[in-house]
Amino acid sequence: MTKRFTHWRSLVAMSACAVGLSASTGCTATLDGGATHAHETDAGTNPLIDGGTRVDGGGGVDGGGVDGGGVDGGVSIDAGGIDAGSMDAGSMDAGAPPIDGGSVVIPTDASFDFSLSPIQNNQSTRESVLAFATAQSSTPSITLHWSPVEGRTVSAIQIFRKTRAATAWGSAYATPAASADRFIDTGVSLGDYFEYKIQMTTSAGTAYGNVAAGIETPARDYNGKLVLLVDSTIESALTSELTELVADLEGEGWNVIRSSVSQSASVSSVRETIRTAYNADPANVRAVFLFGHIPVPYSGNVNPDGHGDHRGAWPADGYYGEMNSTWSDTSVTSGNNSPGDGKFDPSTFPSAVELEVGRVDMHNMDGFSASVIADDPILYMNYMSRAHRYRARELEPTVRGLIIDNFDNDPYVTRNYRFAGSGWRNMVALMGPWDVNQPLASVYDTATYVPYYMMVNGQSYLWTYAAGGGSNISSAGIGETWDFAATHTGGFFNMCLGSYFGDWNQNNNFMRAFIAGGNGLTVVWAGVNHWFFQHMGMGETIGVGTRITMNNEISGLYVPKVGSGGNSDNVYLGLMGDPTLRIGTPAPASNFVVSNAGGKFRFAWTASPEAVNGYHIYEITSGAITRVTGSPVSGTSFTSTIDYAAGRRFSVRALRLQTNWSGSHYDLSLGRVATAP
């Protein structure tokens, strides 16, 4: 059923209240039905804007903008939606690489040059080095590029480099001139994979950027083992979908260890299930996928949104990825947390998180459902369908990013929050600066502002970042849970920020709305603690970025760690979505068949619809996934020397050299899986 709130109010008056102008200021914001909620602030901390607010409460922009009834009951805006790329965002078109069929052509020739137009100066870009990389293989080199920022002068640049596995940066690797807009690293060889940290001293303070880059880096054949925990409440209704999910995971190089979990299980027993699998093979167990309303661990004495009334334990899925420490429940008495209540004490992870954890949880998201049951299988089916289609390249995002930051230029917020740096740094590192757009209009420009949910309706974005003052079910200038349910929100991978909804285990929670419909595959609450996804440009999973971000308070490798007003508390960090998802993978083969050819295995398939470098065959067993082919097969069939035996399982994966804004690396498609008859 479609639900809609109609709490019309003055946005300006609401915002002045909700920001909390001083440590002693308290305000009351009226919600639907007359309910009131008092907002506090801690001394020295400005909470994120709060109050269940929206731009005009009805779906549009009041005051001469888009008609307030424009989106209701699934009606789209102008069929094709509003193209954010056409909005004035300080366009970054000048000097962009050539465009071919709507896709940026990545330069691989060392003689190709381009200039970068300045990126708009705002709270988040001032402290960011907006960097990306290109690679050249004939004379091996990796070139780091960075965009200037309007009005910001640079007085010094330092570049640090480490191997992917190294745990420290060491001393500066290079010190380019302050006027430089690139650095060419010739100390590389084919197959290398490095991480770079770029640090700039500027007129606006110190700025940082992180780039993962390689040069014809080999593909990863085997990802390791994944613990898949499935909510028993929905399991029987999703038999075929779960079978397809396991086949997809195996086809991407994962061994799957599947268990059924009751919603009434204790979090300690769930963790013990994971630890049993991990302790049996710690070298290979790498990830945890929580599918359904798996019991939610809580921990900490935290309020990362800055609200004193929201201090206590928050959901802490990282508990399921940290395998070595004992989590105490003896000391914290704060908000919803007290000794012995089953909610843990730590506000930061007690030791490094070993496993990549992600969760798909549609519990009590009835705003998206035609039913009022707490766990509607249809929502899970829809998610699984689009995740499968995305993996199979049947559902492809437009490679562009959208940043909506309603904390930037906020007349009621005096702090320089810099939350959207998570959006800027990651998107530029993954897509280059030409395809990242931040419209200049502010939510406070009530005559011209278009809210996020309308901007992405019917549109397609690989990445989005959306920030605005929040409640559990809304974010100012972004939308409400019901807006997302009534439209087709187009972001595949998403970051968001606002008060209250980062504490996601609530009915119709706004953060979970990003993956409950539309194109949504993942979402994180990003900006108080910054997130680091640059490794996805090298073919790695979003789970890698999740584990790296969770561990960043311990490792300190990636800066800046937090936005203004943030602190070391990080136990609340969590990924909503499948942790194994990647970006930019090759299109897979199809019609894979395994047969008996004179007592040996013969494999045949239909070619990938795009040009690839060949195909590899893998055998899937319960303990490993092993490559059968020695070198890529150029055709569409292969006969092995392995003696035929019925029941053995194999997959075929397309191999392609990916050239993108992280350099170049070999990547493998989704594997098509078949069993020998």
Side-chain angles (χ1 to χ4, degrees), residues 212 219-220 223-229 241-242 244-254 256 286-291 317 321 355-362 380-399 401 426-427 429-431 460-465 489-496 511-512 514-524 526 531-550 573-588 653 658 660 662 665 667-671:
R220 180 197 293 266
N223 282 314
K225 297 180 179 180
L226 174 139
V227 180
L228 174 62
L229 302 183
E241 289 84 2
L242 287 165
E244 182 176 67
L245 171 62
V246 171
D248 284 352
L249 292 169
E250 291 176 330
E252 288 193 321
W254 295 93
V256 179
R286 179 182 152 196
V288 179
F289 188 177
L290 309 169
F291 192 81
D317 274 350
L355 305 181
E356 303 159 17
V357 182
R359 175 189 289 263
V360 172
D361 191 334
M362 306 298 179
Y380 292 100
M381 290 177 187
N382 291 342
Y383 180 91
M384 297 168 90
S385 173
R386 63 179 174 269
H388 170 73
R389 292 170 59 219
Y390 171 80
R391 281 188 162 98
R393 291 281 302 278
E394 297 166 6
L395 178 63
E396 292 196 55
T398 301
V399 181
N426 283 301
M427 291 187 203
L430 296 173
M431 295 181 287
S460 176
Y461 289 90
L462 179 60
W463 280 95
T464 76
Y465 182 93
T489 50
F492 284 70
F493 296 88
N494 305 280
M495 292 174 264
C496 63
M511 177 172 162
R512 289 190 290 141
F514 280 82
I515 66 166
N519 292 335
L521 294 175
T522 69
V523 64
V524 297
W531 285 70
F532 301 92
F533 295 123
Q534 64 270 15
H535 306 87
M536 294 183 76
M538 289 295 294
E540 301 207 53
T541 67
I542 194 166
V544 167
T546 301
R547 184 175 59 82
I548 283 171
T549 301
M550 287 180 173
L573 294 171
L575 170 70
M576 296 290 108
D578 181 341
T580 69
L581 293 173
R582 300 179 293 147
I583 62 175
T585 56
R653 303 183 72 182
Q658 305 276 50
N660 59 17
S662 295
H665 68 279
D667 204 358
L668 290 159
S669 72
L670 170 69

A.B. asks: For the backbone of F532 and the side chain of T549, can you confirm whether one donor and one acceptor N or O come within less than 3.5 Å of each other?
C.D. replies: yes
A.B. asks: Donor-acceptor check, side chain of Y383 to backbone of L521, threshold 3.5 angstrom: yes or no?
C.D. replies: yes
A.B. asks: Could you tell me which non-hydrogen atom of G539 sits nearest to which non-hydrogen atom of D667, and how far apart they are?
C.D. replies: CA-OD2, 4.2 Å
A.B. asks: How close do P586 and S669 get, heavy atom to heavy atom, and via which atoms?
C.D. replies: O-CB, 3.3 Å
A.B. asks: Within this structure, what is the CH2-CD1 distance for the pair W463 and I583, rounded to the nearest 0.5 Å?
C.D. replies: 7.0 Å
A.B. asks: Tell me if a side-chain donor or acceptor on R512 pairs with a main-chain N or O of D361 at a distance below 3.5 Å.
C.D. replies: yes
A.B. asks: Return the minimal non-hydrogen interatomic distance between L575 and V357, and the atom names on each side.
C.D. replies: CB-O, 3.7 Å
A.B. asks: Test T546 against E356 for side chain to side chain contact (heavy atoms under 4.5 Å, CB included), laying out the working first.
C.D. replies: CA-CA 6 Å; T546 301; E356 303 159 17; 5.7 Å; no
A.B. asks: Pair M536, L581 - check side chain to side chain contact (heavy atoms under 4.5 Å, CB included), show working.
C.D. replies: CA-CA 9 Å; M536 294 183 76; L581 293 173; 5.8 Å; no
A.B. asks: Are a donor atom and an acceptor atom from the side chains of T580 and R391 found within less than 3.5 Å of each other?
C.D. replies: yes
A.B. asks: N519 side chain to G490 main-chain N or O, any donor-acceptor pair under 3.5 Å?
C.D. replies: yes
A.B. asks: Could you check whether any side-chain N or O of R393 sits under 3.5 Å from a backbone N or O of P588, counting only pairs where one atom can act as donor and the other as acceptor?
C.D. replies: no
A.B. asks: To the nearest 0.5 Å, how far apart are NE2 in H535 and CD1 in I548?
C.D. replies: 4.0 Å
A.B. asks: Less than 4.5 Å apart, any side-chain heavy atom of R386 and any of F492?
C.D. replies: no
A.B. asks: Please evaluate residues R220 and E540 with respect to the criterion side chain to side chain contact (heavy atoms under 4.5 Å, CB included), reporting the C-alpha separation (whole Å), side-chain torsions for both, the decisive distance (0.1 Å), and the verdict.
C.D. replies: CA-CA 9 Å; R220 180 197 293 266; E540 301 207 53; 4.2 Å; yes
A.B. asks: For residues F289 and G577, report the shortest heavy-atom separation together with the two atoms involved.
C.D. replies: CE2-O, 4.5 Å
A.B. asks: Quick check: closest heavy atoms across Y465 and A526, and the distance to 0.1 Å?
C.D. replies: OH-O, 2.8 Å
A.B. asks: So how far is it from L226 CG to E252 CD, rounded to the nearest 0.5 Å?
C.D. replies: 11.0 Å
A.B. asks: Measuring only between side-chain heavy atoms, which start at C-beta, is L462 closer than 4.5 Å to L430?
C.D. replies: no
A.B. asks: Quick one: pull up CZ in R582 and CG in L670 and give me the separation to the nearest 0.5 Å.
C.D. replies: 8.5 Å
A.B. asks: Considering all heavy atoms of both residues, which atom of G401 and which atom of Y461 are nearest to each other, and what is their separation?
C.D. replies: C-CD2, 3.9 Å
A.B. asks: To the nearest 0.5 angstrom, please state how far the CG atom of D248 sits from the CD atom of E250.
C.D. replies: 9.5 Å
A.B. asks: Which label fits Y390 and F493: parallel for a plane angle under 30°, tilted from 30 to 60°, or perpendicular past 60°?
C.D. replies: perpendicular
A.B. asks: May I ask you to decide if W531's main-chain N or O and N426's side chain share a donor-acceptor pair within less than 3.5 Å?
C.D. replies: yes
A.B. asks: Measure the CZ-OG1 distance between F533 and T541 for me, rounded to the nearest 0.5 Å.
C.D. replies: 10.0 Å
A.B. asks: May I ask you to decide if G537's main-chain N or O and N660's side chain share a donor-acceptor pair within less than 3.5 Å?
C.D. replies: yes
A.B. asks: Quick one: does S460's side chain have a donor or acceptor within less than 3.5 Å of a partner on T398's backbone?
C.D. replies: yes
A.B. asks: Does R547 use its side chain to pair, donor to acceptor, with the backbone of L355 at less than 3.5 Å?
C.D. replies: no
A.B. asks: Before you tell me yes or no, could you show the steps for D578 and M384 under side chain to side chain contact (heavy atoms under 4.5 Å, CB included), namely the whole-Å CA-CA distance, both residues' side-chain angles and the distance that decides it to 0.1 Å?
C.D. replies: CA-CA 10 Å; D578 181 341; M384 297 168 90; over 6 Å; no
A.B. asks: Treating Y380 as the side-chain partner and F291 as the backbone partner, does any N or O pair qualify as donor plus acceptor under 3.5 Å?
C.D. replies: no
